[in-house]
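Below, all heavy atoms of this structure are taken into account, side chains as well, without hydrogens, waters or symmetry copies.
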Amino acid sequence: SFVILFALTPYIIHHIGVERFGVWAIVGVLTGYLALCDLGISTSFVKYIAEYYTRSDYEKMNRVINTGFLFYLVFSFLIVILAIIFIDPILSLFNIHTLLYSEAVFVFCLGLILFGVSNSFNVFASIQNGLQRMDIGNKVAIAVSIPGVAGTVIALEFGYGLPGLIINNAVVVLLTSVINVIVAYKIFPAFHFSPFTLSDRETFRLLFRFGYRVQVSAIAGVIHFQLDKFLLAFFLNVSRVTYYTVASQTASSIREIPLLLLRAILPAASEIDAVKNRGALNELYFRSMKYIVLVGVCLLTVTFQYADPFLVLWLGRGYEISATTLKVLMAGYFFN
C-alpha cells in the first residue's frame with residue numbers, strides 16, 4: 001500500500017486535477033466522521049475474539065461475531081439513509097465548484113454505501129487479528145491491491161474520472177469482503193454465521209462496555225486526522241485540500257510502519273489478560289514502547305532530512321508547502 005500510494009497519487013492528480021482530488025479527499029473525511037457514530041463497538045471485536053478463542057469458548061466467540069455484524073448492518077443502513085437525505089446541506093459546507101457538484105454527489109452517495117458494507121464485514125477481518133493471523137490480513141490486502149491498481153488505471157485512462165475511481169473502490173470492497181468471509185471459515189472451523197439467531201443483547205452490552213471507553217480516543221483521532229481537511233475546504237477551497245492531503249497521506253503512510261507493530265498488541269494483550277498474567281502484560285507494554293520509539297526516531301529523522309527533495313522528485317515543483325506540512329505532521333505523529 002505504501003508503494004501504491006506513491007505510484008498512484010501523482011498519476012491520479014494528473015488525470016483528474018487538483019480540485020477533483022480535493023473532492024476525493026473530502027469524501028474520506030465525511031465517512032471518517034460518520035464512523036464516530038458506532039459507539040466504539042468495532043474496537044471490541046479483536047479483544048473478545050482473542051479472549052474467547054484463548055479460553056476455547058467458541059459459542060461466545062460466535063455470538064460476538066454475529067452480534068457485531070447485525071449491529072453494523074442496522075447502524076450502517078440508518079447512517080446511509082440519513083446522510084443521503086441530508087446530502088445537499090452537507091456538501092454545501094464545502095466550496096465545491098458547480099461543475100463538480102453532480103460528480104461529488106455520486107461519489108459521496110456510493111462512498112456512503114461502501115462505508116456501510118465495509119463496516120458490516122469488518123468483523124470478519126477482526127477474526128484474523130483476534131487469532132493473531134495478521135499475515136493472512138496482509139496477504140489479502142496485497143491480493144486485492146492488484147485489481148485495485150488495475151481498475152484505477154483503467155478508470156482514468158478511459159476518462160471515467162471520479163465516478164470511475166469510486167466504482168473501482170466498490171469492486172475492491174466487495175472482493176475484500178468475500179475473501180474475508182471465506183478466510184473466517186478456514187481459520188475458525190467452529191464459526192457459525194447466523195446473525196438473526198446468535199445475536200443477543202447481553203453480547204451487545206459487553207461489546208458496548210468496552211467500546212465506549214475507547215470511543216473518546218477514537219473521536220479525538222478522527223478529529224485530529226480529518227478536521228484539518230474540512231477546515232481547508234470550508235475556509236479556502238478544495239484545491240488547497242489536495243496540497244494538504246499529499247502531505248497527510250505521506251505522513252500517514254510513514255506512520256503505518258510502526259503501527260504495524262502496534263496491531264499485534266491488542267490480541268496478544270487480550271490473550272495474556274485472559275490467563276491473568278500481569279507481569280507478561282507489563283513486559284509487553286514496555287518492550288513494545290521501546291520498539292515503537294526506536295523505529296519512530298529513525299523515520300522522523302529521515303523525513304526531516306529528505307522531505308523537500310522527495311516531494312520534488314515525486315510530484316515536481318509547486319508542492320513546497322506540502323513538504324513543510326509533512327514535517328509538522330510527522331513531528332506530531334511521532335509523539336502520538
Side-chain angles (χ1 to χ4, degrees), residues 1-35 38 42 72-73 75-77 79-81 83-84 87 90-91 94 96 100-125 137-182 222 225-226 229 233 238 241-242 245-246 248-250 252-253 256:
S1 62
F2 192 80
V3 173
I4 289 170
L5 169 71
F6 290 110
L8 286 186
T9 299
Y11 177 76
I12 294 173
I13 294 175
H14 175 74
H15 277 78
I16 68 175
V18 173
E19 281 204 68
R20 283 184 170 84
F21 191 84
V23 172
W24 184 246
I26 288 298
V27 171
V29 173
L30 293 172
T31 54
Y33 276 113
L34 291 174
D38 74 342
S42 61
Y72 268 106
L73 191 66
F75 162 76
S76 300
F77 177 78
I79 289 293
V80 168
I81 294 300
I84 291 176
I87 188 169
I90 291 173
L91 292 181
F94 310 103
I96 299 174
L100 298 179
Y101 192 78
S102 60
E103 287 184 51
V105 170
F106 176 78
V107 171
F108 181 52
C109 289
L110 186 51
L112 284 171
I113 295 170
L114 294 182
F115 160 79
V117 173
S118 179
N119 267 358
S120 299
F121 284 86
N122 179 55
V123 66
F124 297 102
N138 290 333
K139 289 172 185 175
V140 172
I142 292 171
V144 298
S145 70
I146 298 171
V149 172
T152 299
V153 173
I154 292 171
L156 295 180
E157 289 298 329
F158 281 86
Y160 294 115
L162 273 178
L165 287 179
I166 195 67
I167 290 172
N168 178 59
N169 271 20
V171 173
V172 171
V173 167
L174 293 175
L175 181 61
T176 303
S177 299
V178 170
I179 293 174
N180 283 332
V181 172
I182 294 172
V222 171
F225 290 109
Q226 305 293 355
K229 298 170 191 173
V238 289
V241 177
T242 295
T245 301
V246 164
S248 65
Q249 281 189 347
T250 306
S252 296
S253 296
E256 279 295 312

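Residue pairs that meet the salt bridge (charged side-chain N to carboxylate O under 4.0 Å, His left out) test with at least one member in residues 104-117, sequence neighbours left out, do not exist here. Pairs of residues two or more places apart, or lying in two chains, never qualify as side chain to side chain donor-acceptor pair (under 3.5 Å) while including a residue from residues 104-114. Pairs engaging residues 138-148 under the side chain to side chain donor-acceptor pair (under 3.5 Å) rule: none recorded [sequence neighbours left out]. Listed by first and then second residue, the salt bridge (charged side-chain N to carboxylate O under 4.0 Å, His left out) pairs that reach into residues 151-171 come to none, sequence neighbours excluded.
By the ring-ring contact (aromatic ring centres under 6.0 Å, His included) test, Tyr160 pairs with no residue at all, sequence neighbours left out. Applying the salt bridge (charged side-chain N to carboxylate O under 4.0 Å, His left out) criterion to Glu103, with sequence neighbours excluded, gives Arg20. Every side chain to side chain contact (heavy atoms under 4.5 Å, CB included) that Ile87 has, sequence neighbours left out, goes to Leu91, Val105, Phe108, Cys109. Taking the side chain to side chain contact (heavy atoms under 4.5 Å, CB included) definition, one finds that Ser177 meets it with Val117, Phe121, Val173, sequence neighbours left out. For Tyr11, the ring-ring contact (aromatic ring centres under 6.0 Å, His included) criterion is met by His15, not counting sequence neighbours. Shown here are the side chain to side chain contact (heavy atoms under 4.5 Å, CB included) partners of Thr242, two or more places apart in sequence or in another chain: Ile13, Val18, Phe21. Residues passing the side-chain hydrogen bond (donor to acceptor under 3.5 Å, both in side chains) test with Thr152 are Asn168, sequence neighbours excluded. Under the rule for a side-chain hydrogen bond (donor to acceptor under 3.5 Å, both in side chains), the partners of Asn180 that lie at least two apart in sequence or sit in another chain are Gln128.
Ile16 has its side chain within reach of Leu165: a pair of non-hydrogen atoms, C-beta onward, lies under 4.5 Å apart. Taking 4.5 Å as the limit, some side-chain heavy atom of Phe106 sits within range of a side-chain heavy atom of Ile167. Counting only heavy atoms from C-beta outward, the side chains of Leu175 and Pro147 approach each other to under 4.5 Å. Looking only at side-chain heavy atoms (C-beta outward), Thr9 and Thr245 stay at 4.5 Å or farther from each other.
In terms of heavy-atom proximity, Ile96 sits nearest to Ala104 at CD1-CB, 4.1 Å. Considering all non-hydrogen atoms of both residues, Val241 and Ala25 come closest at CG1-CB, 3.8 Å. Between Leu112 and Val80 the shortest heavy-atom distance is O-CG2, 3.3 Å. Of all heavy-atom pairs between Ser253 and Leu5, the closest is OG-CD2, 2.6 Å.
Interatomic distance, Ile79 CD1 to Ile113 CD1, rounded to the nearest 0.5 Å: 14.0 Å. Remark: Leu156 CG to Leu8 CG distance equals 8.5 Å, nearest 0.5 Å. The distance from the OG atom of Ser120 to the CZ atom of Phe75 is 9.5 Å, given to the nearest 0.5 Å. Rounded to the nearest 0.5 angstrom, Leu162 CG and Ser102 OG are separated by 10.0 Å. Separating the CG atom in Asn169 from the CG atom in Leu110 is a distance of 8.5 Å, to the nearest 0.5 Å. The CG atom of Leu114 sits 11.5 Å away from the OG atom of Ser76 when rounded to the nearest 0.5 Å.
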